[in-house]
There are 2 protein chains.
Amino acid sequence: MKWGELEDEPCSMARTIGVIGDRWTLLILRECFLRTRRFEGFQSSLGITRHLLAERLKKLVRQGVLRRIPYQDSPKRHEYILTQKGLDLHPIMMAIVHWGDTHMVDARGRPLLHQHRKCGKDFDPVMVCSECGEPLSAKEVHTHPGPGARGTPVSAAPEKKAKRETKSKTQRSAA
Amino acid sequence: MKWGELEDEPCSMARTIGVIGDRWTLLILRECFLRTRRFEGFQSSLGITRHLLAERLKKLVRQGVLRRIPYQDSPKRHEYILTQKGLDLHPIMMAIVHWGDTHMVDARGRPLLHQHRKCGKDFDPVMVCSECGEPLSAKEVHTHPGPGARGTPVSAAPEKKAKRETKSKTQRSAA
DNA sequence: TTTCTACAGTTCTAAAACAGAACTGTCAAT
DNA sequence: ATTGACAGTTCTGTTTTAGAACTGTAGAAA
């Protein structure tokens, strides 16, 4: 399987991995969430080669995760900012950081803390069920085929996810 | 930066990426959560080359994400099952799938649905604050240096995260 | 008893991706 | 006229990955 083929897989995880599933892309996105916007900013804070950085930024723009916006003419300069699609990656970032905080810290503790502006406290992200609000655990989740599963014709059921969309929107609304 | 160096970065995200930050590892873990346990199972459902599969499985075992357990002698055969550290990756997987469900579905809709056994409904994962329970959005999260930040000596503050650990454990307890 | 299949790898070669460094080009400041 | 900030592009050499074939154990089938 090549990189391009991932997006055609009937699996939301494979498709997402096609967008963010490499080392540098994830780190570039971390910088985006930490408010880095410019080429040199990414390059110096990550130590990524300029070649790869240019390529990854282009890819992220193509995929609608970043938007390339001019901030001066002569010479033309642009900055890269997260679109809504990009901001929606925040739960993934938080989940990744939280796992590292739990399993990969050294004796000194966490490199970064996260404060929730609304309540003012340092927090951990907790994943809950959109329907009942209870914290989720792997064992309590049962996976079953949906309308877009392999074998379902394209003409079929137009995704009856109205309720889920509505509920989970709380999560993105102010992102 | 090489793969090995990621784990030494003072950043939980970089360290986590050092473990799961490549295409195949993420897909292998998806299979683990879908109850695949054996070499041939991974190989045939993913189409990964046998060479890489063997290497990735070894790496995941080394890192304590999977455990290699014999299920027969002669010939020696093992299966790979998620450790607690591996099960704790579940929120990351759910967040990735959810983003794909939101932004990468075709006309047919979602390939997979997730049912919460406790409440019986198909759900979306929602990320909330461990302290106040409110859904999180990127803009409401303020990041600041913790005890393990770059520059902090190893001898310093032994991570005062007691409360956070306790609260977020609800999320993992039955995983 | 030779042959087939299931399983879990290992070994090989060619192709793709990546690292590291140097180069291009615009403009402002010295 | 030279330097430095910025945003890339181009080049060469190394590392990773893809794809296919091979190894080896053992039970079942011919």
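To find a chain, count down the sequence lines: A is the first, B the second, and so on, and within it residues start at 1.
- If you take CD of Q43(B) and C1' of dA8(C), they are 11 Å apart, rounded to a whole angstrom.
- Remark: the R50(B) side chain and the dA8(C) base include a donor-acceptor N/O pair separated by less than 3.5 Å.
- Comparing G41(A) and D22(B) against DNA chain D, the residue whose closest nucleotide sits nearer the 5' end is G41(A).
- Side chains of D122(A) and H116(A): no donor on one and acceptor on the other come within 3.5 Å.
- Hydrophobic clustering (ILVMFWY, side-chain heavy atoms < 4.5 Å, transitive): L46(A) and L57(A) are in one cluster.
- Inter-residue side-chain proximity for R56(B) and D22(B) is flagged as met; some heavy-atom pair is nearer than 4.5 Å.
- Taking the six-membered ring where tryptophan is involved, the planes of H144(B) and H142(B) are essentially parallel, since the angle between them stays under 30° and well short of 60°.
- Inter-residue side-chain proximity for H114(B) and F123(B) is flagged as met; some heavy-atom pair is nearer than 4.5 Å.
- Regarding I28(B), its CD1 atom lies at a distance of 14 Å from the P atom of dA8(C), rounded to whole Å.
- Put simply, the side chain of D88(B) reaches to within 4.5 Å of the side chain of H103(A), judged on heavy atoms.
- What separates CG of L52(B) from P of dC12(C) is a distance of 17 Å, to the nearest Å.
- Within the 4.5 Å cutoff, side-chain heavy atoms of C32(B) are placed close to those of L66(B).
- Once you apply a 4.0 Å limit to the heavy atoms of chain B, the touched nucleotides of DNA chain D run 5' to 3' over dT17(D) to dA26(D).
- Among the atoms of the strands shown, only primed sugar atoms or phosphate atoms (P, OP1, OP2) are found under 4.0 Å from some heavy atom of Y71(B).
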Could you please spell out the steps behind the salt bridge (Lys or Arg N to Asp or Glu O under 4.0 Å) verdict for D124(B) and R110(B)? CA-CA 12 Å; D124(B) 281 330; R110(B) 308 181 175 204; 2.8 Å; yes
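- Within the model, atoms CG of L52(B) and CD of E55(B) stand 6.0 Å from one another, a figure rounded to the nearest 0.5 Å.
- Between the P atom of dA8(C) and the NE2 atom of H51(B) lies a distance of 18 Å, rounded to the nearest Å.
- Cation-pi check for R38(B) over Y71(B) is met; the charged atom lies under 6.0 angstrom from the ring centroid and within 45 degrees of its normal.
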Give each protein N/O atom lying under 3.5 Å from an N/O atom of nucleotides 24-30 of chain C, with the pair distance.
| unit_1 | atom_1 | unit_2 | atom_2 | d |
| --- | --- | --- | --- | --- |
| dG25(C) | N2 | R77(A) | NH2 | 3.3 |

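- The nearest whole Å value for the distance from the CD atom in E79(B) to the P atom in dC7(C) is 12 Å.
- Residues Q115(A) and V141(B) form no side-chain contact, since every pair of their non-hydrogen atoms from C-beta on lies 4.5 Å or further apart.
- Direction change of the helix axis from one end of the helix from dT1(C)-dA30(D) to dT30(C)-dA1(D) to the other is 20°, with five pairs defining each end axis (rounded to 10°).
- At least one side-chain nitrogen or oxygen of W24(A) sits closer than 4.0 Å to the OP1 or OP2 atom of dA19(C).
- Residues M104(A) and K85(B) are in side-chain contact: their nearest non-hydrogen atoms beyond the backbone lie under 4.5 Å apart.
- Rounded to a whole Å, the NZ atom of K58(B) is 15 Å from the P atom of dA8(C).
- Among the atoms of the strands shown, none is found under 4.0 Å from any heavy atom of F42(B).
- Atom CZ in R38(B) sits about 8 Å away from atom P in dC7(C), given to the nearest Å.
- Note: CG (L53(A)) to P (dA21(C)) measures 17 Å, nearest angstrom.
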